[in-house]
Protein chains: 2
Amino acid sequence: MPPDTAWLDPDQQRSWRAYLVGTTLLTERLDRDLRERHNLSLPEYEILVRLSEAPSKRMRMAVLADSVSHSRSRITHTIARLERNGFVERVSCADDRRGVEAVITDGGYRALEDAAPTHVAGVRAFLVDLASHEDFGAVGRVFDAVTDKLVEANPAADIR
Amino acid sequence: MPPDTAWLDPDQQRSWRAYLVGTTLLTERLDRDLRERHNLSLPEYEILVRLSEAPSKRMRMAVLADSVSHSRSRITHTIARLERNGFVERVSCADDRRGVEAVITDGGYRALEDAAPTHVAGVRAFLVDLASHEDFGAVGRVFDAVTDKLVEANPAADIR
DNA sequence: GCGAGAGAGTTGAACATTCAACCATAATCG
DNA sequence: CGATTATGGTTGAATGTTCAACTCTCTCGC
């Protein structure tokens, strides 16, 4: 192999690949379950969760974007889709007239309530319950560190 | 909240969300680095790695698909792209005339050698080196379990 | 041998995401 | 103030992925 790079040792290599294929499979599966049974994609679901938790069930587009780590453009498109399906409404901000808030509708809330048990069951069955509490805690720590590193690296971070 | 589902406890919830946003950020970043500096996407890179490691630098499409856990269709399209860029060639199998093998070209191999240091540096900087050896080992274990579970769940597993 | 599946892979349309250009409003500064 | 720049968000085209239908070859039972 080529230069003097600090390659991964065999353990790290195996873990890294396990992570890559595991993630692929997992998100594929969770996404499929939501789509088939509840007509929602995983990212859409994530967004509804955030909205449902927000005070008065609404969020500014940019805040929402940051909270799920998607680009602004992506959020615009996704919210547009959710709006077409009647799960979300777009209302323009009173105080900042550039701004737009996404509000989850009653229908959206119901869809979310429907979908949540399916989703959580999947997260458990295909991830959480497969790991010891400690191991899963480690996953949390690791990806917290990843997030910190990557938002620090990309300051003020609009992702794009 | 709704029914009698086994929700995640607060720790699990935090870990799960950390994983979700961390993964998003990480793959986004690794992909971007490869694209900008080496004109390869992360999935393309993964494929070249597999091919480069294969005996005589070739693989049947289906085997390749399984090894990176992508759908057959996706592999077809991706290989088509790689072929257009001159990184891979498609040759039809001698023994099974339905079959096709993807072969990495010299150009592809060179591109891979170029890209590898960048990529590994990223994997280290934004993931591996941020975690203790034990924690990263846990990540490996967890996602190995995920993979096992999901492949078992979807027997013979062509993904689609 | 041959006809009915099963397996390998491709195709093209539908859909989602990214990318770059863009409009509108706000904030800043001379 | 008025011009400039920054911020919030959208748009449409390009790119990538998924989905369902399809072709071709192989296999197996008769």
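The sequence lines fix the lettering, A, B, ..., with proteins before strands; numbering per chain opens at 1. The structure displayed is predicted, hence computed values, not measured ones.
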d([atom1], [X]; [atom2], [N]) in whole Å:
X	N	atom1	atom2	result
L40(A)	dC15(C)	CG	C1'	16 Å
R74(B)	dT10(C)	CZ	P	16 Å
N39(A)	dC19(D)	CG	P	13 Å
M61(A)	dT25(C)	CE	C1'	16 Å
D31(B)	dC19(C)	CG	C1'	13 Å
H70(A)	dA16(C)	NE2	P	14 Å
I75(B)	dC19(D)	CD1	P	16 Å
E28(B)	dG16(D)	CD	P	15 Å

With a 3.5 Å cut-off and heavy atoms only, can you find an N or O donor on one side and an acceptor on the other between the side chain of H77(B) and the base of dT15(D)?
no
Point to revise | Any donor-acceptor N/O pair under 3.5 Å between dT11(D) base and S73(A) side chain | key: yes
(Q) Between R29(A) and D33(A), does any NZ, NE, NH1 or NH2 come within less than 4.0 Å of an OD or OE carboxylate oxygen? (A) yes
Closest non-hydrogen atoms of W7(A) and V120(B), given as atom of the first, atom of the second and distance, are CZ3-CG2, 3.2 Å
Rounded to the nearest 0.5 angstrom, the NE2-OG1 distance for H70(A) and T76(A) is 13.0 Å
dist E53(B):CD -> L112(B):CG (nearest 0.5 Å) comes out at 9.0 Å
Under a 4.0 Å heavy-atom cutoff, the residues of residues 89-101 of chain B touching DNA chain D are D95(B), D96(B), R97(B), R98(B)
Quick note, R72(A) side chain, CB onward, closest among dT11(D), dT10(C), dG8(D) is dG8(D)
Is the distance between the ring centroids of Y19(B) and F136(A) less than 6.0 Å?
no
| Should N85(A) and L40(A) count as side-chain neighbours, where that means a heavy-atom distance under 4.5 Å? | no
Taken in chain and number order and not counting sequence neighbours, the residues that satisfy ring-ring contact (aromatic ring centres under 6.0 Å, His included) with H38(B) are none
If the cut-off is 4.0 Å, is [X] near the phosphate of [N], judged by side-chain N/O to OP1 or OP2?
X	N	answer
R32(A)	dT18(D)	no
R60(B)	dG7(C)	no
R81(B)	dT17(D)	yes

